[in-house]
Number of protein chains: 2
Amino acid sequence: MRQEYPGQKRFLVAVDSIIFGFDGYNIKLLLVQRSLSPETGKWSLMGGFVHPEEDPGAAASRVLQERTGLKDVYIEQFHVFGKPDRDPVERTITIAYFALIDIQQYEQQLTEENNPEWFLLDAMPEMVFDHAEMVAQALRQLRYKAALHPILFQLLPGRFTIPQLQALYEGVYQTKFDDRNFSRKLLSTGLLVKLAEKDKLSSKKGAFYYQLDQSNYEQKFGSFLNLVPNPDKFF
Amino acid sequence: MRQEYPGQKRFLVAVDSIIFGFDGYNIKLLLVQRSLSPETGKWSLMGGFVHPEEDPGAAASRVLQERTGLKDVYIEQFHVFGKPDRDPVERTITIAYFALIDIQQYEQQLTEENNPEWFLLDAMPEMVFDHAEMVAQALRQLRYKAALHPILFQLLPGRFTIPQLQALYEGVYQTKFDDRNFSRKLLSTGLLVKLAEKDKLSSKKGAFYYQLDQSNYEQKFGSFLNLVPNPDKFF
DNA sequence: CCAAAAGTGTTCCTCGTACACCCATGC
DNA sequence: GCATGGGTGTACGAGGAACACTTTTGG
């Protein structure tokens with residue numbers, strides 16, 4: 001190994017993903033049981049070390065795919081955690097990502113030995129190292145970003161109804177929104193394409209299915225939308 | 001050196017700061033000439049390696065203080081750059097911060113051997129490695145955040161006038177804002193405390209000095225303010 | 001026909017923007 | 001007094017929030 005900058009210490013560099021899913025009623029988080037010593041068996045975020053010739057973002061995607069089978073997932077780097085003693089074994093710098101997946105697409109991999117499990121936010125188990133803090137910060141980041149940009153769509157299947165979408169937003173912000181304003185506001189963004197079919201399972205009248213208008217989505221993604229009423233109170 | 005996670009590669013971890021200043025007319029960026037080989041003498045961001053027992057944020061503050069003499073500076077981690085070949089010598093992961101300083105407080109350190117210099121954004125020299133990309137992304141992040149939160153105050157002295165503040169915003173967004181609306185909007189935030197004295201240098205009528213209302217500042221910092229007209233067009 | 005959920009209409013009001021105008025002062 | 005820049009007043013309109021009301025359909 002060439003070391004051209006002498007006298008400097010090298011560190012382990014890891015990626016960890018906070019994986020959000022939505023089951024139709026609640027936001028959930030996918031955790032695994034740690035396979036390495038110490039704290040073997042304790043709950044942990046999905047993570048792994050960055051390989052020698054690998055970009056960190058690629059590492060995060062790789063770990064996600066290895067463990068959930070999912071590709072092309074929405075994933076966003078949000079913070080580096082690097083306190084000297086955060087891993088008691090050896091100093092490790094970890095780059096934290098949050099990922100939004102369609103929970104229905106997720107299937108537990110057969111190769112997966114460490115029992116991944118979905119947890120509700122208000123029923124999280126004790127976690128290794130500083131992972132609880134990482135989760136807390138990921139959730140804040142998710143709320144912040146979702147108030148301005150339409151990222152929560154990533155948690156739903158390709159087809160969804162507006163009431164489903166509203167339940168999702170209500171789950172993320174732990175509040176009730178006004179149904180009537182919510183649907184009008186979303187429709188006015190021009191991000192949705194109405195489909196012919198209705199979902200008749202959850203109501204008698206039935207709610208129309210929608211899908212994302214992909215080109216409008218990409219175009220409006222950057223600008224500031226007002227998707228959450230009175231967002232200030234959440235920060 | 002204990003290595004308890006065998007078979008993993010360790011990397012150099014650096015911090016680099018994009019240091020913004022404002023001279024009253026234009027946004028500027030503080031660069032230094034690289035002291036290490038290769039590319040010695042080429043312009044570079046201020047950075048350094050993370051020390052063995054040091055938090056990355058502390059490393060960024062330390063480097064900033066060593067090189068500018070400034071403490072208690074606004075500094076914010078915004079992205080990790082880690083492409084395998086970004087440093088041709090040896091793989092280095094760098095954590096990028098942007099810093100906002102009062103350019104008048106900055107004084108070149110006597111110990112500083114590598115000729116730090118302020119550059120205008122539209123007259124940047126060629127830079128080392130991927131530093132130009134880092135600057136571009138820092139600027140985007142600055143614009144994004146400053147549209148929602150009152151961070152640009154950090155670039156001004158403790159006392160400032162509203163026209164100064166406006167010039168600063170106009171510099172950041174490379175546009176003209178309406179003077180009349182700008183002052184009313186800022187005053188309505190409740191963030192400013194009017195002082196008795198006027199600045200008579202830049203106009204005949206003179207503009208009152210203001211300072212930040214520190215408690216309001218901290219309290220309102222988190223919520224979404226609308227400090228920039230039509231912000232959407234910048235993203 | 002009634003309950004329950006989807007979705008539309010209506011009103012109020014805040015707040016952002018545009019632009020006319022007044023104010024203070026040095027020369 | 002007049003040019004220059006600082007600041008207030010006013011008017012219009014978009015859009016967010018609150019809430020009454022209609023629509024659909026299964027039982």
Side-chain angles (χ1 to χ4, degrees), chain A residues 24-25 146-150 156 159-170 173 175-210 220 223-234, chain B residues 24-25 146-150 156 159-170 173 175-210 220 223-234:
Chain A
Y25 302 96
L148 296 166
H149 305 287
L156 293 174
R159 273 179 9 153
F160 53 86
T161 67
I162 293 187
Q164 279 169 19
L165 192 55
Q166 181 173 345
L168 170 53
Y169 273 84
E170 292 179 342
Y173 292 97
T175 333
K176 292 279 169 216
F177 297 151
D178 186 295
D179 321 9
R180 308 160 278 195
N181 290 333
F182 187 83
S183 68
R184 220 167 335 95
K185 188 183 282 190
L186 259 299
L187 289 171
S188 76
T189 61
L191 295 171
L192 300 182
V193 181
K194 192 177 197 165
L195 302 181
E197 205 176 337
K198 276 187 171 183
D199 165 35
K200 311 273 277 188
L201 295 173
S202 51
S203 80
K204 299 174 179 176
K205 182 175 176 181
F208 280 104
Y209 282 112
Y210 289 84
K220 296 202 177 172
S223 49
F224 296 145
L225 303 174
N226 178 7
L227 301 168
V228 173
N230 306 316
D232 287 12
K233 67 178 169 194
F234 299 108
Chain B
Y25 303 96
L148 297 166
H149 305 286
L156 293 174
R159 275 181 7 156
F160 52 86
T161 66
I162 293 188
Q164 279 169 19
L165 193 55
Q166 180 173 347
L168 169 53
Y169 273 85
E170 292 179 342
Y173 293 97
T175 333
K176 292 279 171 218
F177 298 150
D178 186 295
D179 322 8
R180 308 161 278 193
N181 291 332
F182 187 84
S183 69
R184 222 164 339 97
K185 188 183 282 191
L186 259 299
L187 290 171
S188 74
T189 61
L191 295 172
L192 300 182
V193 181
K194 192 176 197 165
L195 302 181
E197 206 176 337
K198 275 187 171 184
D199 165 35
K200 312 272 276 188
L201 295 172
S202 51
S203 80
K204 299 174 179 174
K205 180 176 178 182
F208 281 104
Y209 282 112
Y210 289 84
K220 296 202 175 171
S223 50
F224 296 145
L225 304 173
N226 180 6
L227 301 168
V228 174
N230 306 317
D232 287 12
K233 68 179 170 194
F234 298 108

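In this text, all values refer to a predicted model and were calculated from it rather than measured experimentally. Labels below follow one simple rule: chain letters A, B, ... track the order of the sequence lines, proteins then strands, and each chain is numbered from 1.
Protein atom CG of B/Asn181 is 14 Å distant from nucleotide atom C1' of D/dG13, rounded to whole Å. Atom CZ in A/Phe224 sits roughly 18 Å away from atom C1' in D/dG16 (whole-Å rounding). Atom-to-atom, CG of A/Asp232 to P of D/dA17 comes out at 10 Å; the value is rounded to the nearest Å. Straight-line distance from the CG atom of A/Leu225 to the C1' atom of D/dG15: 13 Å, rounded to whole Å. Residue A/Leu187 contributes atom CG, which lies 15 Å from atom C1' of D/dG15 at whole-angstrom precision.
Between B/Tyr169 and B/Tyr173, the ring planes are parallel. Angles under 30° get that label, and only those over 60° would be called perpendicular.
Nearest nucleotide to the A/Lys185 side chain, out of D/dG26, D/dG16, D/dG6: D/dG16.
Checking the phosphate oxygens (OP1, OP2) of D/dT24, no side-chain nitrogen or oxygen of A/Lys198 falls inside 4.0 Å.
Put simply, chain B comes within 4.0 Å of DNA chain C, heavy atom to any atom, from C/dG16 to C/dG26, going 5' to 3'.
For B/Ser183, the side-chain contact (heavy atoms from CB on, under 4.5 Å) partners are B/Ile162, not counting sequence neighbours.
At least one cation-pi condition fails for A/Lys194 and A/Tyr210: the charged atom is not both under 6.0 angstrom from the six-membered ring centre and inside a 45 degree cone around its axis.
Put simply, the side chain of B/Arg184 and the base of D/dG9 share a donor and an acceptor less than 3.5 Å apart. Counting distance only, with no hydrogens placed and no angle test, the side-chain atoms of A/Lys205 and the base atoms of D/dT23 include a donor-acceptor pair under 3.5 Å.
Each of B/Arg180 and B/Gly206 was matched to the nucleotide of DNA chain C holding its nearest heavy atom; the match closer to the 5' end belongs to B/Arg180.
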